[in-house]
Trainee: 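One structure, pasted below without further comment.
Naming: A, B, ... by sequence-line order, numbering from 1 per chain.
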2 protein chains.
Amino acid sequence: MEFEEAKHKFITTWGSLGSLWGINKAMAQIHALLLISPDPLSMEDIMEELHISRGNTSMNLRQLIDWGIVFKENKIGERKEYFTSEKDVQELARQIAKERSRRELQPTIKVLKEVSSIKTDGSKKSKELITQTKALHDLASNLDTFMNTIVNREQNWMTKTLLKLMK
Amino acid sequence: MEFEEAKHKFITTWGSLGSLWGINKAMAQIHALLLISPDPLSMEDIMEELHISRGNTSMNLRQLIDWGIVFKENKIGERKEYFTSEKDVQELARQIAKERSRRELQPTIKVLKEVSSIKTDGSKKSKELITQTKALHDLASNLDTFMNTIVNREQNWMTKTLLKLMK
DNA sequence: CTAAACTTTCAAAAAAAATTGAAATTTAAT
DNA sequence: ATTAAATTTCAATTTTTTTTGAAAGTTTAG
């Protein structure tokens with residue numbers, strides 16, 4: 001496999017992985033492209049490389065910036081904006097963990113808390129609802145705390161810990 | 001909040017969480033419903049409760065069974081099939097971790113391996129591609145091993161470990 | 001201030017995914 | 001072997017999501 005083919009394969013794989021995770025294809029592909037670009041890219045560059053429209057590029061770049069994994073850059077003497085991605089994959093993983101906790105896990109935990117806190121009417125059904133949502137609440141809370149722990153530790157802690165656990 | 005409202009809230013929350021994770025709404029809602037039902041439900045029960053069609057119910061039940069988190073049950077003297085979900089949330093989490101590893105992580109790791117193994121033509125671009133995909137490969141491999149470790153440990157190991165890590 | 005370069009917005013179009021429902025198939029009882 | 005109950009399949013439809021592209025908006029240079 002030579003360079004162009006490998007690049008294409010990486011971008012499309014990352015793109016379809018993205019859609020499996022609730023991130024749209026264009027967003028994932030833009031991210032993949034920036035991740036392997038040694039230099040910052042302009043909107044034009046991205047549109048051309050991925051064959052997507054200006055509007056699409058603009059919107060998805062904004063989302064990537066919101067996620068905290070893509071950054072704007074300005075070249076001196078140039079009006080155009082350039083974009084780079086977070087290149088350190090550890091930092092990337094932390095950032096994604098942090099955002100997913102905030103956007104998904106925490107709201108879910110809140111609902112589980114509410115639902116599991118109803119008072120039972122004594123029926124089998126309501127007992128089961130309470131038991132199960134309480135168990136999910138505990139699991140989700142543990143996971144969330146775990147993810148936040150990872151996020152706030154120093155660089156490399158994650159890899160070291162994972163490796164230790166796997167022995 | 002009383003029972004019916006809580007139940008509804010739980011089912012719809014679980015449903016939209018599902019779609020955020022690449023699992024369709026109906027599938028996630030069926031799972032939620034079974035998770036809190038003290039007794040097995042028939043296809044009719046599910047259709048009625050969630051207002052979805054027979055075909056939809058049938059297809060999504062099959063997928064849940066493929067994931068290993070819903071089971072068929074037969075009541076003696078009855079022709080109809082009944083369904084239950086895995087009730088132990090720890091076991092549920094393991095099963096989901098196992099399937100996601102198999103369906104998503106492992107194929108991705110394979111591609112990352114291929115892509116990061118091309119030989120460089122010496123250009124900055126190809127060096128960057130190799131560096132970054134290799135780093136992702138390592139990260140994904142660690143994560144995969146970690147998930148498989150969890151899956152193969154005894155009951156409760158996961159919670160204990162997570163708690164220990166968070167101290 | 002004006003014009004050119006560039007970016008954002010958003011209604012409309014296209015594409016993708018989920019859902020329906022009825023026909024086909026399977027299953028099991030008589 | 002026939003029938004009836006139940007389940008599965010899948011083409012057609014509906015719904016949701018993504019993408020486009022042109023108009024509106026912004027920014028900077030002269």
Trainee: Is B:Lys80 salt-bridged to B:Glu44, going by a charged N under 4.0 Å from an acidic O?
Mentor: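 Between B:Glu44 and B:Lys80 there is no salt bridge, as every charged N stays at least 4.0 Å from the carboxylate O atoms.
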Trainee: Rounded off to whole Å, could you give me the CE-to-C1' distance for the A:Met59 and D:dT19 pair?
Mentor: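 Taking atom C1' of D:dT19 as the reference, CE of A:Met59 is at 9 Å.
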Trainee: State the NE2-CG distance between B:His31 and B:Leu92, to the nearest 0.5 angstrom.
Mentor: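 B:His31 NE2 to B:Leu92 CG: 4.5 Å, rounded to 0.5 Å.
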Trainee: Can you tell me if the side-chain N/O atoms of A:Ser58 get under 4.0 Å from OP1 or OP2 in C:dT8?
Mentor: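 Indeed, a polar side-chain atom of A:Ser58 lies that close.
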Trainee: Hey, is A:Lys87 close enough to B:Glu128 for a salt bridge, meaning N to O under 4.0 Å?
Mentor: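 So A:Lys87 pairs with B:Glu128 through a salt bridge.
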Trainee: Tell me yes or no: between the side chains of B:Asp39 and B:Ser37, is some donor less than 3.5 Å from an acceptor?
Mentor: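 B:Ser37 and B:Asp39 do not have a side-chain donor-acceptor pair below 3.5 Å.
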Trainee: When you compare the side chains of B:Thr145 and B:Asn148, does any donor N or O come within less than 3.5 Å of an acceptor on the partner?
Mentor: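 The answer is no; no qualifying pair exists.
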Trainee: Which listed nucleotide (D:dA6, C:dT20, C:dC6) is nearest to the side chain of B:Ile52?
Mentor: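 Minimum distance to the B:Ile52 side chain belongs to C:dT20.
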Trainee: Could you tell me how far apart B:Arg54 (CZ) and C:dT20 (C1') are, to the nearest whole angstrom?
Mentor: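 From B:Arg54 CZ to C:dT20 C1': 12 Å.
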Trainee: Grouping I, L, V, M, F, W and Y whenever their side-chain heavy atoms are under 4.5 Å apart, do B:Met47 and B:Leu64 come out in a common cluster?
Mentor: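 No, it is not one cluster - the side chains of B:Met47 and B:Leu64 are not joined through contacts under 4.5 Å.
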Trainee: Take the protein atom CG of A:Asn56 and the nucleotide atom P of D:dA22, then report the distance between them rounded to whole Å.
Mentor: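 The answer, rounded to whole Å, is 15 Å.
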Trainee: Regarding B:Asn24, tell me which of base, sugar-phosphate or nothing describes its non-hydrogen contacts under 4.0 Å with the strands shown.
Mentor: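 Sugar-phosphate contact only - B:Asn24 comes under 4.0 Å of backbone atoms but never of a base.
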Trainee: Can you tell me how far C1' of D:dT27 sits from NZ of A:Lys72, to the nearest Å?
Mentor: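 Nearest whole value for this atom pair: 12 Å.
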Trainee: For the pair made of CG in A:Asn60 and C1' in D:dG21, what is the distance, rounded to whole Å?
Mentor: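 Rounded to whole Å, this separation is 15 Å.
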Trainee: Measure CE/B:Met47 against P/C:dA22 and give the value in whole Å, please.
Mentor: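 Distance check: B:Met47 CE to C:dA22 P gives 12 Å.
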Trainee: Using a cut-off of 4.0 Å between protein heavy atoms and nucleotide atoms, how would you tag nucleotides 25-30 of chain C 5' to 3' with B, S and -?
Mentor: --BB--
Trainee: In whole angstrom, give the distance that lies between atom CD of B:Gln63 and atom P of C:dA17.
Mentor: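 Roughly 13 Å, once rounded to whole Å.
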Trainee: C:dA16 P sits how many Å from A:Ile23 CD1, rounded?
Mentor: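 Taking atom P of C:dA16 as the reference, CD1 of A:Ile23 is at 19 Å.
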Trainee: With a 3.5 Å distance limit and no angle check, can you tell me whether A:Asp144 reaches the backbone of A:Ser141 through a side-chain donor-acceptor pair?
Mentor: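 A pair under 3.5 Å: no.
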Trainee: Which nucleotide wins on minimum distance to the side chain of B:Met43, given the candidates C:dT7, D:dT9, D:dT7?
Mentor: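 Of all the options, the side chain of B:Met43 is nearest to D:dT7.
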